[in-house]
Q: 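Just dropping this structure here.
Note that this is a predicted model, so its numbers are computed, not measured. Each chain gets a letter, A, B and so on, in the order the sequences are listed, and its residues count up from 1.
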Amino acid sequence: MRVRFAPSPTGYFHIGSARTALYNWLFARGRQGKFVLRIEDTDEVRSTVGSIKSIMKGLNYLGIDWDEGPAIVRDASGEDRLISKGEFGPYFQTLRKNFYNQWADKLLEKKKAYLCFCTKDELEDMRKKQIEKGERVGYDGRCRRLTPREREKFLSHGRTPVVRFAVPAGKRITFSDSIRGEISVNSEEISDFVILRANGTPMYNFACVVDDHMMKISDVIRGEDHISNTPKQILIYEALGWDIPNFAHLTMILDVDGRRLSKRKGARSLLEYEDDGFVREALVNYLALLGWGTKESQNIFDVGELVSKFSLGRCTSSSAIFDNQKLLWLNAQHIKKLSAAEIYRRSYRILKEAGLDVYPAEKVQAAISLEREKIKKLSDIPNLIGFMLAEKVEYDKDVLALGGDCAEVLKGLLKLMKNIEIFKSAEIEKEVRRFSKENNLKTKFVFHPLRWAVSGRSRGPSLFEMCEFMGREKVVERISVFLEKIEKGGRGELL
RNA sequence: GCCCUCAUCGUCUAACGGUUAGGACGCCAGGCUCUCAAUCUGGUAAUAGGGGUUCGAUUCCCCUUGAGGGCACCA
């Protein structure tokens, strides 16, 4: 059992491609198959090396590894270079031209393909007329029965031909899609399509079939947008006398407006999700759920579970809308399963970029522990814990306004804090509660001001743990600073 | 225009032809609580429309509508 993920390296690596890769990978890993990565870079104008690298980086991020395909090696001069690993390589289509030529010749020989000398203008003209007359658009096969003499004439005029596949007439082409069941189309609907360009490079449908055959791909799992390519490819398989693989077509992923995911709306590079603080576990889990589900509608999976439970038969056949909310929820769920040390490790870069002091690690991890259940994305962390690590507090406006009434309470707390014997959360809590009781104050009129003074905010971690974490010195200092700030406006009427 | 595919709460989805149409996200209400969260409980909300087949259709068939994809010397 062998499957492949065959992206074209144009532009960035997006969510839809990532899901296709994931499903192929899950399928292979779940049944001791091989997962092949093949780069479909026959469009020499649009393909870029940068895009190849971002695809590989994206797969790495998701934890999707491939058994055969491109690999990066560092050569003697320290340059990164792309090479192919695996026995059926190379895995870049630009490096496989000889194969395509060879098999195209075979088709030519068998008269299942022919040379076409039509110019772009002629084709455009033909197309226009077809639309005017309301006919089917597509090549009319005019070069199919060129005499040898006519062919010579074109050649001598310097016209470089393309190779077109000769689609058999009146043939019903049927295949069984593992997700959708039987799909069938009449060959009359398919016009003779180009398999080799004038410059000798192959077109997608041809390269794809040659490679899938030569790489012994048994199951082709790809996007729905390839359904209408499948009959063409089947014709090529048949013309060459090759076995036809199984096909499975995944649904499209749509944006919130129900439109195809596009750059402008919702669709982002997979790597942006990483930068934004989504963990791979969540992305993999979410992507798996977008077009597949279990009988129990289970929501949370780890990768191992997905591998063992995934099947094509339970893939959905209607397109799905990408829902950021659910992704976010899943992200929070998976982050909760990570240890503070692991969260620290994964958010290290984000913390650093946010200007946080990331050392000592234990201290930052302890801060993370205090706020971990609030983390929805790793990028939330700086805002969540930054104030605990910072030298100076920044006070929220509403906090300063509210604090005005609490000067007396805070003066009392200041004294209290200085005198607490053991500066641990349980002890602090006990003392502060006692203080409240002694002064006949409701605890909330004590707790809140303390929080405002110490954190500058009205929301944050568990109060006493936060105090313990910051330490007596910092707590005392912050209360003093806060007192100074509110002294002018404060009425102190609570005590 | 022609061809292909699809159609259950707002969203992701579940339901051998027989269920009060289930779960999850979101949203709303409440519990817990030092705030915010987390968590727990409850609530909101769906079979696109019309015809068949059947004792009985979300489920099978047809039509309509809607959505998506394809019809390149793009992939």
Q: If you restrict it to nitrogen or oxygen atoms, what contacts under 3.5 Å exist between nucleotides 2-6 of chain B and the protein, and what is each distance?
A:
{"residue": "B/C2", "atom": "O2'", "partner": "A/Glu189", "partner atom": "OE1", "Å": "3.2"}
{"residue": "B/C3", "atom": "O4'", "partner": "A/Glu189", "partner atom": "OE1", "Å": "3.4"}
{"residue": "B/U5", "atom": "O2'", "partner": "A/Arg180", "partner atom": "NH1", "Å": "2.5"}
{"residue": "B/U5", "atom": "O2'", "partner": "A/Glu224", "partner atom": "OE2", "Å": "3.3"}

Q: Does the side chain of A/Arg222 get closer than 4.0 angstrom to OP1 or OP2 of B/A75 through an N or O atom?
A: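 No, A/Arg222 has no side-chain N/O under 4.0 Å of OP1/OP2 on B/A75.
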
Q: What is the nucleic acid contact for A/Thr10, judged by heavy atoms within less than 4.0 Å: base, sugar-phosphate only, or nothing?
A: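 The residue A/Thr10 makes no contact with any strand.
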
Q: When you match A/Arg19 and A/Val194 each to their closest nucleotide on RNA chain B, which lands nearer the 5' end?
A: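 It is A/Arg19, whose closest nucleotide lies nearer the 5' terminus.
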
Q: Mind checking A/Ser191 for me? I need base, sugar-phosphate or nothing, with any heavy atom below 4.0 Å counting as a touch.
A: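 The answer is nothing, as A/Ser191 stays clear of every strand by at least 4.0 Å.
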
Q: Decide, yes or no, whether a salt bridge links A/Glu296 with A/Lys309 under the criterion of side-chain N to carboxylate O below 4.0 Å.
A: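 Salt bridge flag = no for A/Lys309 with A/Glu296.
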
Q: Describe the nucleic acid contact of A/Ala320 in one word from base, sugar-phosphate, nothing, applying a heavy-atom distance below 4.0 Å.
A: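 The residue A/Ala320 makes sugar-phosphate contact but no base contact.
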
Q: Shortest non-hydrogen contact from A/Ile300 to A/Leu330?
A: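 That closest heavy-atom pairing would be CG1-CD2, 4.0 Å.
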
Q: Strictly below 4.0 Å: does A/Arg372 bring a side-chain N or O up to OP1 or OP2 of B/A37?
A: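 Answer no for this pair, as no side-chain N or O of A/Arg372 is under 4.0 Å from OP1 or OP2.
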
Q: Just to verify, what does A/Phe5 make a ring pair (Phe, Tyr, Trp, His ring centres under 6.0 Å) with, not counting sequence neighbours?
A: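 Ring pair (Phe, Tyr, Trp, His ring centres under 6.0 Å) check on A/Phe5 returns nothing, list empty.
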
Q: Which pairs, protein N/O on one side and nucleotides 21-26 of chain B N/O on the other, fall under 3.5 Å?
A:
{"residue": "B/G22", "atom": "N2", "partner": "A/Ser297", "partner atom": "OG", "Å": "2.5"}
{"residue": "B/A24", "atom": "O4'", "partner": "A/Asn299", "partner atom": "ND2", "Å": "2.7"}
{"residue": "B/A24", "atom": "O2'", "partner": "A/Asn299", "partner atom": "OD1", "Å": "3.2"}
{"residue": "B/A24", "atom": "O2'", "partner": "A/Asn299", "partner atom": "ND2", "Å": "3.4"}
{"residue": "B/C25", "atom": "O2'", "partner": "A/Lys326", "partner atom": "N", "Å": "3.4"}

Q: Could you tell me whether the side chain of A/Arg164 and the main chain of A/Arg144 form a donor-acceptor pair under 3.5 Å?
A: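 The answer is no, because no donor-acceptor pair under 3.5 Å joins these two groups.
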
Q: Using a cut-off of less than 4.0 Å, is there contact between a side-chain N or O of A/Arg457 and OP1 or OP2 of B/A37?
A: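 A/Arg457 to B/A37 OP1/OP2: no side-chain N or O under 4.0 Å.
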
